[in-house]
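Atoms considered below: every heavy atom in the structure, side chains included; atoms not considered: hydrogens, waters and symmetry mates. Both ligands and their constituent atoms are indexed starting at 1 by order of listing.
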Amino acid sequence: MKIVDVEVLVTCPGRNFVTLKVTTDEGITGLGDATLNGREQAVVAYLREHVVPLLLGTDPHRIEDTWQSLYRGAYWRRGPVTMAAIAAVDVALWDVKAKVAGLPLYQLLGGASRERVRTYGHANGRDVPELLDSVRQRQAEGYQAIRVQTGVPGLEKVYGVHTGEAIAHNPTRLDQRAVPVVEDWDTGAYLRHLPTVLEAVRHEFGPDLPLLHDAHHRLTPLQAARLGKDVERYDLFWLEDCTPAENQEVFRVVRQHTTTPLAVGEVFNTVFDYQTLITEQLIDYARSAVTHFGGISALRKLFDFAAQYQVKSAVHGPEDISPVGMAAAIHLDLAVHNFGIQEYSGHTDTTNEVFRHAYTFTDGHLHPGEAPGIGVEYDEELAAAHPYDPAYLPVNRLADGTVHDW
Ligand code: CS2
Ligand code: MG
């Protein structure tokens with residue numbers, strides 16, 4: 001079997017998605033997600049200019065060899081753009097291989113280790129009453145674990161708090177150029193406010209509902225240690241991205257002070273980003289997505305490594321992971337033993353029309369379905385009706401104007 005065509009498809013059914021489509025000489029196609037939110041065109045160019053020419057004529061069954069060739073052959077290794085491009089190729093080749101076998105992908109990954117995949121959803125509110133209503137909405141939708149994000153008194157625009165607009169990070173326009181929204185931040189106000197919010201949520205919903213919170217890289221290690229300790233009485237399922245983790249050793253400070261479980265890794269793209277965090281058991285959940293981490297082949301290796309240190313999977317699954325990336329994740333979630341939980345924000349109806357998928361969401365759990373491959377079909381005609389719309393992730397600034405982690 002040979003690859004005879006490779007297309008890089010961009011669509012924006014409410015937010016931008018980049019999809020790789022591989023076609024073989026036997027007419028079998030495979031899809032991969034190459035979406036890097038806010039930097040989509042960088043991956044499009046990497047794929048079109050430096051990957052597609054290398055794939056034509058190769059055997060799609062040689063997934064590991066293709067992965068290693070794209071990783072080692074580039075000479076310049078790692079990084080979000082490179083690993084998103086490799087991820088898209090990897091998933092597309094697994095899609096082809098599973099279709100040829102006539103099996104859903106999870107069957108090629110060792111088969112099911114569970115009946116279905118537990119998820120968590122996002123609840124948010126500008127204030128506590130709005131947040132409590134949002135938690136109720138997620139519960140009504142079936143979620144049995146819920147991430148809670150809240151406004152902070154005195155701050156106008158805060159991460160994770162939507163005021164009802166589309167779930168995509170909508171672009172703002174400055175003389176026809178898309179520019180990032182500027183959000184504002186005050187760590188002290190946040191540290192004082194969050195425990196009161198969790199107190200209210202626990203008071204309303206009781207001690208058993210698994211609650212998660214994303215600090216989104218904004219704290220120093222000591223501030224993260226303090227927050228972890230302050231919220232121990234609320235028994236979080238996890239505190240996510242409590243401090244930037246480029247310097248992995250800083251998590252030793254956090255770990256020394258708190259037993260609040262820690263999750264990190266959605267911005268990581270290779271196992272080396274985790275090495276100290278996992279071998280020293282400084283974290284409890286590894287958050288990378290198939291799309292950002294070099295695909296199924298690389299992520300399953302990460303989770304096998306993590307399993308030796310009792311670290312569980314918790315694949316990143318916001319709306320900017322396309323249904324292709326989500327489908328691939330759910331197949332892996334079903335198969336790995338050290339599964340923790342899957343983030344699932346869902347997508348707009350239009351997105352689900354462009355990406356018709358076999359996976360289902362019921363009672364807060366996902367299942368990949370039994371369709372051969374990853375179980376996603378891409379409607380190219382409908383996709384073309386939603387052209388790329390430049391959009392950036394927000395930028396975060398402190399009161400004095402200093403740029404802060406978003
Ligand atoms: C967040 C993401 O879901 C999460 O845990 O950190 O929504 C993140 O902000 C986006 O994926 C950025 O594109
Ligand atoms: Mg996050």
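Taking the six-membered ring for Trp and thresholds of 30 and 60 degrees, Trp406 and Tyr159 have ring planes more than 60 degrees apart, a perpendicular arrangement. Aromatic ring pairs are classed by plane angle as parallel below 30°, tilted from 30° to 60° and perpendicular above 60°; the pair Tyr344 and Tyr143 is tilted.
With sequence neighbours left out, Tyr234 forms a ring-ring contact (aromatic ring centres under 6.0 Å, His included) with no residue at all. By the ring-ring contact (aromatic ring centres under 6.0 Å, His included) test, Phe305 pairs with Tyr309, sequence neighbours left out. With sequence neighbours left out, the side-chain hydrogen bond (donor to acceptor under 3.5 Å, both in side chains) criterion links His357 to Asn352.
Here is the list of ligand 1 atoms found below 4.0 Å of a heavy atom in Arg147: 1 (C), 3 (O), 4 (C), 5 (O). The atoms of ligand 1 that sit less than 4.0 Å from any heavy atom of Arg287 are 4 (C), 5 (O). In the vicinity of His122, heavy-atom distances shorter than 4.0 Å reach the ligand 1 atoms 3 (O). In summary, the atoms of ligand 1 found under 4.0 Å from a heavy atom of Leu393, numbered by their order in the structure, are 12 (C), 13 (O). With ligand atoms numbered from 1 in the order given, ligand 1 contributes 3 (O), 4 (C), 5 (O) to contacts under 4.0 Å with heavy atoms of Glu343.
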> Under the side-chain contact (heavy atoms from CB on, under 4.5 Å) criterion, do Arg136 and Leu132 qualify, and how do the steps go?
Replying inline: CA-CA 6 Å; Arg136 290 187 196 97; Leu132 299 183; 3.8 Å; yes
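Atoms of the protein (N, O or S only) found under 2.8 Å from the Mg ion (ligand 2) are Asp214 OD2, Glu240 OE2, Glu266 OE1.
Side-chain contact of His367 with Glu115: a donor-acceptor pair under 3.5 Å is absent, judged by distance alone.
When only interatomic distances are considered, the shortest N/O to N/O separation between Glu240 and ligand 1 falls below 3.5 Å.
When heavy-atom distances to ligand 1 are checked against a 4.0 Å cut-off, Trp406 comes that close only through its side chain, counted from C-beta outward. Neither the backbone nor the side chain of Ile321 comes within 4.0 Å of ligand 1, counting heavy atoms alone.
The number of heavy atoms from other shown groups lying within 6.0 Å of NE2 (His50) is above 12.
Atom NE2 in His316 sits 9.0 Å away from atom CE in Met326 (nearest 0.5 Å).
Residue His316 places a heavy atom less than 4.0 Å from ligand 1.
Residues Leu332 and Phe303 form a side-chain contact, since some pair of their non-hydrogen atoms from C-beta on lies under 4.5 Å apart.
With atom 10 (C) of ligand 1 as the reference point, the heavy atom nearest to it among Asp320, Val267, Asp214, Thr35 is part of Asp320.
Among Val324, Thr29, Thr11, the one residue that satisfies the side-chain contact (heavy atoms from CB on, under 4.5 Å) test with Tyr378 is Thr11.
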